[in-house]
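So the structure is just underneath, and the comments pick up after that.
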Amino acid sequence: MTMKPIKEGKVREIYDNGDTLILVATDRISCFDVILNNQVTKKGTVLTQISKFWFDFTQDIVPNHMVSVDVKDMPEFFQQPKYDGNSMMCRKLEMLPVECIVRGYISGSGWKSYQEDGTICGIKLPEGLKESDKLPEPIFTPSTKAEIGDHDENVSFEQCVETLEKAYPGKGEEYANAIKDATLAIYKKCADYALSKGIIIADTKFEFGLDEDGNIVIGDEMLTPDSSRFWPADEYEPGHSQPSFDKQFARDWLKANPDNDWTLPQEIVDKTIEKYLQAYELLTGSPLEA
């Protein structure tokens, strides 16, 4: 029996399994919103296993959608090598139309916004911050989910309430406060832990949904190098952008070689997966099982 994904993203495939979903993180890699021609072996497994690690680590704060990462618990179709390790069976959720971004350090689009008017998502920040500085307190900077092809839009907390109120009349404020509180609590616990292992989590993105009883549950992926900025703590130096545990090698090479035809040389692929594996090992304390 063959199963077809009901939804295919740039990196992930989603399969319908009756009352659960199966999320497969492939070894595809995307940069600048384009899927590259290379596969990065083991990348999907790293993403799935890091998410599993964090879901277990934070279940005391908020419930999550993970049921199992063992393919023996899944239909026979998934019991083949290409799905082993990179597949997660999950509860079905009704996903909320807001992306929950939390920033502990000032970088990326947050740094750009701060340079323009001293704020991020309407939050006024202290004057004189340098790029990559640690913020006095982590901040919740939500964005609304764009249609495919558009860019997500950063919004203020008030706009986040409005978006949720439109989707769930009478519940907007309650849901907005609940996901804000959960986002900040998870980030603080995980960022403290990661720092003790030598990784700074500068910022990250979470997605929440509602289960059949209307409870807020965290879904999607969690604190992976694809959804977060991970920086090596021993090289941290504010005042410029930081080296990171993710697709930076790939992005830098593509920028430096504009006639690349979206194909990376093997050495850049190797350096990229090395970073993912290093992040996994530092965080979990053991190398990824082959």
Side-chain angles (χ1 to χ4, degrees), residues 32-33 61-62 95-147 149-168 171-192 194-195 199-208 216 218 220-231 233 236-248 251:
F32 311 115
D33 286 337
I61 299 175
V62 67
M95 298 307 286
L96 298 175
V98 173
E99 305 220 307
C100 295
I101 296 162
V102 52
R103 303 169 192 269
Y105 293 73
I106 187 163
S107 184
S109 63
W111 170 240
K112 213 157 111 190
S113 169
Y114 174 77
Q115 286 175 292
E116 283 162 18
D117 63 7
T119 72
I120 304 181
C121 291
I123 300 168
K124 188 94 183 99
L125 294 172
E127 281 173 32
L129 291 175
K130 299 192 295 290
E131 183 175 6
S132 307
D133 261 342
K134 185 174 187 183
L135 296 170
E137 268 297 302
I139 55 173
F140 176 66
T141 58
S143 73
T144 52
K145 292 185 192 175
E147 292 302 310
D150 289 336
H151 286 293
D152 297 344
E153 189 191 346
N154 291 343
V155 293
S156 67
F157 182 69
E158 290 65 37
Q159 289 168 299
C160 169
V161 172
E162 280 169 29
T163 301
L164 290 166
E165 184 61 33
K166 213 176 271 175
Y168 302 97
K171 292 277 193 185
E173 195 148 346
E174 179 194 327
Y175 286 166
N177 278 310
I179 59 177
K180 176 184 177 179
D181 292 349
T183 294
L184 291 168
I186 292 168
Y187 173 77
K188 284 177 184 165
K189 178 175 181 177
C190 297
D192 285 352
L195 193 55
I199 292 181
I200 289 171
I201 303 177
D203 52 46
T204 191
K205 176 189 83 172
F206 301 130
E207 295 200 31
F208 293 91
I216 300 241
I218 191 164
D220 200 50
E221 63 185 318
M222 188 172 188
L223 288 160
T224 68
D226 274 17
S227 68
S228 325
R229 272 193 184 87
F230 287 179
W231 297 336
Y236 173 60
E237 185 185 64
H240 53 83
S241 66
Q242 307 295 307
S244 59
F245 285 95
D246 60 7
K247 299 181 279 197
Q248 208 53 55
R251 282 194 288 256

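Note that the coordinates shown come from a computational prediction; the quantities given were computed from them, not determined experimentally.
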Intermediate values then yes/no, side-chain contact (heavy atoms from CB on, under 4.5 Å), Leu164 and Ile179: CA-CA 11 Å; Leu164 290 166; Ile179 59 177; 4.0 Å; yes
Derivation and outcome, side-chain contact (heavy atoms from CB on, under 4.5 Å), residues Thr144 and Gln159: CA-CA 9 Å; Thr144 52; Gln159 289 168 299; over 6 Å; no
Glu174: salt bridge (charged side-chain N to carboxylate O under 4.0 Å, His left out) partners, not counting sequence neighbours: Lys171
Those residues that, when tested against Lys134, pass salt bridge (charged side-chain N to carboxylate O under 4.0 Å, His left out) (two or more places apart): none
Side chain to side chain donor-acceptor pair (under 3.5 Å) contacts touching residues 179-189 (sequence neighbours left out): Asp60-Lys189, Glu137-Lys188
Is any side-chain heavy atom of [X] closer than 4.5 Å to a side-chain heavy atom of [Y]?
{"X": "Ser227", "Y": "Thr224", "answer": "yes"}
{"X": "Pro238", "Y": "Glu131", "answer": "no"}
{"X": "Asp203", "Y": "Val102", "answer": "no"}
{"X": "Ile61", "Y": "Ile218", "answer": "no"}
{"X": "Thr204", "Y": "Phe206", "answer": "yes"}
{"X": "Leu96", "Y": "Ile216", "answer": "yes"}

Reported [atom1]-to-[atom2] distance for the pair [X] and [Y], which is rounded to 0.5 angstrom:
{"X": "Asn154", "Y": "Ser143", "atom1": "CG", "atom2": "OG", "answer": "5.5 Å"}
{"X": "Cys100", "Y": "Phe208", "atom1": "SG", "atom2": "CZ", "answer": "5.0 Å"}
{"X": "Ser107", "Y": "Leu135", "atom1": "OG", "atom2": "CG", "answer": "10.0 Å"}
{"X": "Leu195", "Y": "Tyr236", "atom1": "CG", "atom2": "OH", "answer": "10.5 Å"}
{"X": "Glu173", "Y": "Glu158", "atom1": "CD", "atom2": "CD", "answer": "9.0 Å"}
{"X": "Ser113", "Y": "Glu116", "atom1": "OG", "atom2": "CD", "answer": "6.0 Å"}

side-chain contact (heavy atoms from CB on, under 4.5 Å) assessment of Thr163 paired with Val155: CA-CA 10 Å; Thr163 301; Val155 293; 5.7 Å; no
With [X] via side chain to side chain donor-acceptor pair (under 3.5 Å) - residues at least two apart:
{"X": "Gln115", "value": "Trp111"}
{"X": "Tyr168", "value": "Glu94"}
{"X": "Ser132", "value": "Gln242"}

Set of residues satisfying ring-ring contact (aromatic ring centres under 6.0 Å, His included) with respect to Phe157, sequence neighbours excluded: none
Residues that Phe32 engages under ring-ring contact (aromatic ring centres under 6.0 Å, His included), provided they are two or more places apart: none
Partner residues of Gln248 under the side chain to side chain contact (heavy atoms under 4.5 Å, CB included) criterion, sequence neighbours left out: Ser244, Asp246, Arg251, Asp252
Any residue meeting side chain to side chain contact (heavy atoms under 4.5 Å, CB included) with Ala202, in chain and number order, not counting sequence neighbours: Tyr105, Arg229, Trp231
Sequence neighbours excluded - salt bridge (Lys or Arg N to Asp or Glu O under 4.0 Å) pairs with any residue from residues 97-111: Glu99-Lys205
Under 3.5 Å, sequence neighbours excluded: what are the donor-acceptor pairs made by side chains of residues 117-130?
unit_1 : atom_1 : unit_2 : atom_2 : d
Asp117 : OD1    : Thr119 : N      : 3.1
Asp117 : OD1    : Thr119 : OG1    : 2.8
Asp117 : OD2    : Thr119 : OG1    : 3.4

Where Leu184 and Pro138 come nearest, the two heavy atoms and their spacing: CD2-O, 3.8 Å
